[in-house]
Every structure is written in structure tokens, then in C-alpha cells.
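What follows is a short report on a single structure.
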Amino acid sequence: MHGRVKVKSTAQQEEEKRKEREKKLKVYLTVRDAIFKKRSNSELDEEALQLTQQLLASNPDFATLWNYRREILLQLETVKEEEEMQKLYETELLFIESCLKVNPKSYGSWYHRGWVASRLLRPDWQRELGLCDRCLSLDDRNFHCWDYRRLVVKVSGVSVEQELQFTDRLIGSNFSNYSSWHYRSTLLPLLHPQPASDPASACQKHTHTHTPPTVSPQMHGHRVCEEQLLKEYELVQNAVFTDPNDQSAWFYYRWLLGRAEREELISCVYVSREGERVAVAFSKPVNVVSLMLVLDGQPQQVEWRSVHPRLRHSPVWLCELPPGSISDINNEHNLTVHWPEKHTHRDCALYTGRMESWCRESATDQELFRSELSVEKTSVLQSELQSCTQLLELEPQNKWCLLTIILLMRALDPLGHEKETLTHFQMLKEVDPMRSSYYSDLCSKFMIENTILKMEYAEVRVFSLSDKNLSTLCHLDQLLLVTHINLCSNQLVKLPLQFAMLHCLEVLEADDNAIENLDGLYNLPKLEEVSLKNNQISKISDLSPLATCPKLTRLDLRGNPVTKTADIQAELAELLPSLTDLLL
Amino acid sequence: MGTQIKDVVIKPDAPNTLLLEKHADYIAAYGSKKDDYEYTLSEYLRMSGIYWGLTVMDLMSQLHRMNRDEIIDFIKASQHECGGISASVGHDPHLLYTLSAVQGRLDAVDVDKAVQFVLSCMNFDGGFGCRPGSESHAGQIYCCTGFLSITGQLQQVNADLLGWWLCERQLPSGGLNGRPEKVRHPHTLTDFITSLPTFIYTVGIESLGTPGEIDTRFSFCAVATLALLGRLDAVDVDKAVQFVLSCMNFDGGFGCRPGSESHAGQIYCCTGFLSITGQLQQVNADLLGWWLCERQLPSGGLNGRPEKLPDVCYSWWVLAALKIISRIHWIDKAKLRTFILACQDEETGGFADRPGDMVDPFHTLFGVAGLSLLGDEQIKAVNPVFCMPEEVLQRIGLHTDLLT
């Protein structure tokens, strides 16, 4: 029951209504029972069509009745002449149309219409498109009708180009039509695909203009060629300048700014003589039981595991080599990790005298976080940024514009724009307080990306990001090689499971947060010092993940509720026997 | 210039405390209206009604007020020979009502048959229809051959025998040879097979020979039913996953079918589906989470799509999806709670879609379940994937994946 306003009525009105309903109920039940009886007797005749029509006219969601009608119609096909059937189906279409007028959102009616339309001897798809037009002119967001339209388009071979023009028309008459923008996002990559080899090359119109099997604009990394993109930016600019508070065009804008997903590859192989461990990082979370490891030309029997048993898909996987394989520091070794599923591999050489080694994908800063950034030329993005900045001057409180500016700045020069980005995030939280946690998390993500970029430029293994209002941690797979991390004075509430990817971590400083959960401090083989002053750790059991870190010697828990626990010294001595330096 | 935001205004005298007792009274009395006209009109969804009632009563610790035996008898009477369960006695079996029955009373269902039914609803493209091919065997053969031809396993079919079968039967125009026109009268299996790719790729809607309406809702219904029955291994999960992923959109959301617009109800189904099948890492959680938290309107209520009115049932669909992808903190919980509470009817009990509208059991469940996700301690904890009390799932040992 949606959108039915409750109205007060007098006792007399109530009584009248009651009587009326009683009468209606009687009729309804008589017809329903007659239908059920006929069906159980397998009577597939025109009388049953009449009866079901009676009920469906007011109750089109009674799916069983539509099923019955289809059975009857199929039966009649076997006994009637084709022309007769054509007429019968035409009548059926009129009936469905009347049902759709009563309830334009009935799944059953729309499904039945598609079925009937396609059974016609001479299907009239033009008429069906006309019906969709009429229906969408009454409610341009009716997704049942949109889906039906897509079906008709597919079956009747309407070209993608025509459909794109259709969305042009709808968007032109009303920018605030999310359904049309959505439809565009599915059509554009079909009509103007970005050439796989050269993203910047000219647009080629796709040769087959009929709609092929639908592809997901998210999943298949389908992008649009640059020339068309410029036109799309223009369209979006028109929309957002006309109505800067309408979200449809902004959502579409964000999609245009996005770029193809990073391909699946092995981004890093790390090997350590100590413990004879190998860690492999991937560009995405994966589940790779089939990974193959070759050491000095010999395939090795190893057992791969994700960094944490609760992460079935992880961007980092670990294994131990058979004892003695690489322990002698005087030997040089060559290691190759093969990922047969993706036909890819990565080599790593471990030289004599070195305790550890790694080989990484040489990602530039542009590529590192590229699934979030834009592929377009700087000049294009610059001009987009200029337009948005103009709009912001007119509409200084517009959250959509603020967010888009942040995204454009990140695509152009994330480090150069860091200060302005932070100011804009502050503003966003003020104008849209309901979503302040979203903005905090997004800002944290960008700050982490920036810090990773800085770390890359400096070629160090220290990650320091203190006093930046971090509310969440992400991209931890990029920190596989980090030995020191400083996260002090932020707003973190936990060290998530993914923290277990910091396989080389020796020192963790995370004072002055609100951390209550340490699940990610799991199996970190080199972790020696942990400082967690002034956090929210309240129970001894919260510290139990630390027991899996064999080298832990120093732990600072001052200012945590847990320090009030009776007998804490003794309990911790038992839980963490390697500790030599405990500060409570 | 600008579009007015569609939203409601919450009046100062709107309810602002949870009226649990009234809601329990409302649900307990609902089933006694059997002679009511409107009640009868909703017979086509009765099984879901039973699930809504049972679950909301359980969440409010009032399950003892429901007539257990009557419900079990009703479910048993609604399970068909094929294993599927219908909305009510006399109606056709349907995947949605099969799930509702299993969610309501697991113990009233014939498990093996129900599993068979769910499997028979799978389409060759990995999608699920609401019911199996109900026509001739030809329909199923069509399905199988379609599937085999796509996977390149057609040699497994005894073509001669099948061709003979098809010709001999002089198939009625339904089922197998119904559409498109080109295969209306296939003379040989080869004719039939060669026309298959066109058929499969041009016809988005299925003939009676294949599962009815295909929809990601039914993908969810199928795996949720199997998971509750402890038989998820019975289905080709990879294929089903591929279908759901092909419904992912530019905004990170999901629609009914490939190409369909994102909708919070479908997003709940698809994230729930990916949770059950262990594939949540496929979701673009930051993008989807942004779209979902933008569903919150100034009144605090959530809508299901951009530029739509808020509705209590989206307190469930949006919130559960956010919970599944671990981003529930991206909305303003206090404001949503205010909106949900304002949708209560102080006189009759129950929740409406919006303040001042008529109440019904559907919105009553999703209002209460939404409050549970928001952490209301007067209500039992609800599972975001199955929309059932957590304790029930613990009892049957079903663990739920949330994005970490």
C-alpha cells in the first residue's frame, strides 16, 4: 500500500463502505472460485479469458491469472486460424493497456504485454514504442515502462543512435530525469567506444548499430571516446547550470569523470629470508589458490593464504617457502610468481647479502589510483574545473559542485590542490551535515592517497599521516613494504582486517584516536613496537590479535579503559609473553 | 531556478516514541480479517504477508501471539508437487513466495522438493525466473540446448533423437518453438540450434518454456532460499553471479535486468545475493555507498531512487544494503529514526509508507527492521541479508558475509 492517505470518516460512511465491500467481496470470490475450478479441470477456453479479465482489470498483480491466460491463449493457437489469433492477441493488448492505465507499475501486466506482443503473427513494435512514449510522458521515471521499452528496442532492432536521440529529447525537455541519464550511460559506450589501444585517438562510430547484448557500464570498463566525452561534458554543463541542485546530471558527471578499472595484475612480489616468506600484492582483491611459485627454475609446493582468515578475497597473499630454500644469505635466488588464470607473472631477484627484496609494478602517480581519476587531457579537465568554479561563485553552497571540484582537482594535481581540497571538504560537511561521515571517509581516502604519493616520491618506507581527521583506513595493500607508520591524532575507531597487509611493519604509532578494535594487527611478523596511547581499548580480549605478532616487545596502552582492568599485568604477561616493555 | 526536492514535512505532533505494543496488536489482529475485501484482494501475496507478520512479531518478541499451527498448515498446503510454494492455496508456485515461506517457517517446507524447484527456475544465462518453464518438456529442452550451445557443450545432446522428438511431436506453437518467428516451425534440430543465438540475444523476455519474468529479485530469492535450506551447493553459483554483475550500473547500483536503472530494492537484492555467494568484493562500495546515502532527504527519510519521495520500506532496502557494504554510518541515523517513528499510526498501530498514510504489515516489518539496524535495543537484532532475526540464523548455523 503506497501513498494512500488516511481519511477520517463518520460511522455512517463506514457502514455504507462496509456494505459495499461485502458486496464486492462476494462477487470477487464467486469469480475467483469459478476460475480456480475451471483451471483445475484444465478448461482452456474463452469463458476463462472472460472471467480472468474481470478480476485482473482491478487486481493486475494476481500473477496466477496471467499465467492461466497464457495457457489458454497457447491452447487457442492450436485450434484457431492465425488471423483469428492475431485478432485475439490484438484484443489482449487493448485489455492490457487498460490494466496499465489502472496500475502502470504492475509487473504482471508488463510481462504479459511483452509476451503477447511477441506472439503476434505480425508484431507491431512501432505501436509498442508509441505506448512507451505515452506512458513515459505521464511518468518519465516508470522503470517498468523503461524496461519494456528496452525490450521492444532490442527485439525490433531500433538503433542505438535513435535511442540516444530519444534520451537527448527527454533530457532536453527535462534535465531532471535520472532514468534518461542512466539510459545514456548504457548507450554511449556502445555507440562511441573508446579504442582499447589508444584512449586518446579519434572517435570511431561503432559499426553495428543495433543493440547487442547489454553490457554493464560498470563491469566491463566500458568507456567513451574523447570526442563524444567533450559533447557529454557540454550537455552536463547545460544541465547543472540550469538547475544546479538536481542530482541526476551530477551523478552522470561523476561517471564521465571516472575511468576504466585497473586491470588485474600482480603489483608486487616481496621476499624475505627471515621466515622464508613471500608476499604477493595484486591490483584488486582476489582469491588465488592457483598461484604458482617458481624458485630458481623449480616449481615450489607452497600453501597460499590470505593475510587474514576472514578475508576470503584479499589484495595480498602470503606463503612460506620450504625450510632452507633461501635462508643462506650467500646465495642468490630468482623467484617468479605465476598467475595462470590471468596469464601473468612477476619476477623478483634476491641478491647475496640481502635479507629481503621486492619487485613492484612501476606505477606512476597517475595510474596508482586511476580507477577514481580521469583519463582526459589536462586541458579538458582544466576547462571543466573553470566552469565548475564559476558555478560555485554563483552557488557557493552547492554541495554537488563542491564535490565535483574536489574530484576534478584530484584528477589534475592531487598534491598541488591538497589545501583547497581540505577547505572544500570542510565546506561540504557544513552545507550537507547529514552526509558528513561520507565526506570524512572520502577525505581520508584522498589524504591517504596523497601520503602514498609523497612516500613514493621520497622513496621511503615510512608512512606518516597524523592529525588529519582520518576516519577510516584504505589502500592498505599499497603499504605492503612500509616499516614505520604514524597515524596519531586522528579519528580512527579500528585497525581493520586489511591492516594485516602491512607485512613489513615494525613500528606502529596510533596514539590519540578512538581505536577500540585491533583485529588487523594479525600475524605481522616484524612488528616490534605498538603505541596506542589514549584510545578506547576496553577489554583484554581486544588485545588478543597482538598475540599473533611474535616479535612484539613494546606496547603502550596508557590512557585506555583497559588499563583499569584488575590483574592486567599478569593477564598481559600471559597473553603477550614476548613483551619486555609494557606501559599502562 | 531549480527543481523542488520531493520530500515530506514531519509535523510537530507526529509520534516520536516506538509504540511496540500497538504494533503487536495490529499484526496479531491482521490475520483475523479474512472476510475483508481488501484482505482477499491481497491473496496473491499472502505468503509474503505471513513472513512479514511472523518476522516483525519475532523481532518484537511477540511471536507467541501468532497461530503457529495454522501457519504451518497453510504453508504445507501451498507447497506444490514441483516443490515450489505459492502465495496461497490455488495460486501458482513462485520463487518469491517460496522464499517467504522458508523465511517464515523453515520447518513447514519439504526441503528437497523446494531445492528442485529453485533450480528449475534458473535460466541459461544465469538469471532466475519467478517460476520454472511451465509448458511442455520442449521448453526445458530448449533451455538445455540453449545453455549447451552457449557453453559449447552441444555435443552432449543426442541430436538425432532430439530432432526426431521435436518433429514427431508437431509441437504446439508454445514452449520451445514459440518465438521468434524464425523458429516457429523448426524442421530439424540444426535449424533450431542455428537460430538460437539470435533468439537468445534478441529476446529479452522469455517464452513460457523458460522461467517467467527474469529479474535480479529472483536471483536473490533463489540463493537466499537455498542458503536457508543449506543447499547453496546445488546451484551454478558462478553463472548466477555473472548475471547479477551484468546488472551493475554507472552509479554502482543494480537494476532488474541488464540495462535496467538502479533501484534501492534491487540493490538490496543484489548486495544480499553477493553476500550469500561470497562475492561482495565485486561491488564498487564507495560509489554505491555514495548513491545510497544520497537517498536520505531533509526529512530524514530515504527514497529508493533519485528525485522520489521518501518511504519507510527504503529504511530497510537502503539501510540493509549500506550495512552489507559496511557503510551504514554514511547516513544520519537520528534523522532517519525520527522519520520512521513519524510513520507510525498512534491509533491503530502499524507503520505507513509516509507520515499520515494508511498502515500495512509490509511497512510495519520494514519500519521495525530499519529501527533494529539503527540499533534500537527494544527490538531484536535483524540480519541485513535475510531480514530475519539474527538469533534464528544463528540457530540454523547460517553465517552472513558483510564487506570488511
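- When each of Asp61(A), Leu73(A), Asn287(A) is scored by its heavy-atom pairs under 4.5 Å with chain B, the top score falls to Asp61(A).
- Neither the backbone nor the side chain of Ile35(A) comes within contact range of chain B, judged by heavy atoms closer than 4.5 Å.
- Between chain B and the residues Tyr107(A), Phe175(A), Tyr68(A), the largest count of heavy-atom pairs under 4.5 Å involves Tyr107(A).
- Annotation for Tyr178(A) and Glu261(B): closest pair CD2-OE2, 3.4 Å, computed over non-hydrogen atoms.
- In this structure, Arg141(A) contributes its side chain and Lys308(B) its backbone to no donor-acceptor pair below 3.5 Å.
- Residue Asp519(A) does not touch chain B at all, counting heavy-atom pairs closer than 4.5 Å.
- Among His308(A), Arg32(A), Arg310(A), the residue making the largest number of heavy-atom pairs under 4.5 Å with chain B is Arg32(A).
- If you measure heavy-atom distances from Val89(B) to chain A, the contacts under 4.5 Å come from the backbone alone.
- Neither the backbone nor the side chain of Leu76(A) comes within contact range of chain B; no heavy atom of the residue lies under 4.5 Å from a heavy atom of that chain.
- One finds no salt bridge joining Glu294(B) and Arg254(A) here, because no Lys/Arg side-chain nitrogen approaches an Asp/Glu carboxylate oxygen to under 4.0 Å.
- Heavy atoms closer than 4.5 Å to chain B are found in the side chain of Gln498(A), but not in its backbone.
- Interface residue Trp400(A): only side-chain heavy atoms are found under 4.5 Å from chain B.
- Atom OG1 of residue Thr64(A) and atom CZ of residue Arg131(B) lie 8.0 Å apart, to the nearest 0.5 angstrom.
- Closest approach of Tyr438(A) to Asp286(B), counting heavy atoms only: CE1-O, 4.4 Å.
- Considering only heavy-atom pairs separated by less than 4.5 Å from chain B, the leading option among Ser179(A), Ser440(A), Cys474(A), Pro433(A) is Ser179(A).
- Per-residue heavy-atom pair counts under 4.5 Å with chain A were compared for Asp332(B), Asp357(B), Thr404(B), Leu45(B), and the maximum is reached by Asp357(B).
- Checked for salt-bridge contact, Arg312(A) and Asp401(B) meet the test: a charged N lies under 4.0 Å from a carboxylate O.
- Options Ser58(A), Ser248(A), Ser40(A) differ in how many heavy-atom pairs under 4.5 Å they form with chain B, and the most are formed by Ser248(A).
- Between chain B and the options Phe251(A), Phe36(A), Tyr28(A), heavy-atom pairs under 4.5 Å are most frequent for Phe251(A).
- Ranked by heavy-atom pairs under 4.5 Å with chain A, the list Lys333(B), Glu43(B), His91(B) is led by His91(B).
- For Ser437(A) (side chain) and His329(B) (main-chain N/O), a donor-acceptor pair under 3.5 Å exists by modelled atom type.
- A pairwise comparison of heavy atoms in Asp92(B) and Asn67(A) identifies OD2-ND2, 2.8 Å as the closest pair.
- Residues Cys256(B) and Asp147(A) are in side-chain contact: their nearest non-hydrogen atoms beyond the backbone lie under 4.5 Å apart.
- Per-residue heavy-atom pair counts under 4.5 Å with chain A were compared for Trp291(B), Tyr44(B), Trp290(B), Tyr39(B), and the maximum is reached by Trp290(B).
- Under a 3.5 Å cut-off, the side chain of His182(A) and the backbone N or O of Gly259(B) do form a donor-acceptor pair.
- When all heavy atoms of Met434(A) and Leu297(B) are compared, the pair lying nearest together is CE-O, 3.4 Å.
- Of the atoms belonging to Leu65(A), not a single heavy atom falls under 4.5 Å from chain B.
- When the candidates Leu309(B), Thr40(B), Ile331(B) are compared by the number of heavy-atom contacts under 4.5 Å with chain A, Thr40(B) comes out ahead.
- Contacts of Gln242(B) with chain A are absent, with no heavy-atom separation under 4.5 Å from either backbone or side chain.
- When every heavy atom of Phe250(B) is checked against every heavy atom of Tyr252(A), the shortest pair comes out as CE1-CA, 3.8 Å.
- The choice from Gly255(B), Cys313(B), Gly356(B) that makes the most heavy-atom pairs within less than 4.5 Å of chain A is Gly356(B).
- Looking only at heavy-atom pairs under 4.5 Å with chain A, the residue among Gln279(B), Lys335(B), Arg305(B), Arg327(B) that has the most is Arg305(B).
- In this structure, no portion of Lys37(A) lies under 4.5 Å from any heavy atom of chain B.
- A donor-acceptor pair under 3.5 Å is formed between the side chain of Arg435(A) and the backbone N or O of Gln296(B).
- When all heavy atoms of Leu41(B) and Asn59(A) are compared, the pair lying nearest together is O-ND2, 2.9 Å.
- The closest side-chain heavy-atom distance from Lys6(A) to Thr348(B) is below 4.5 Å.
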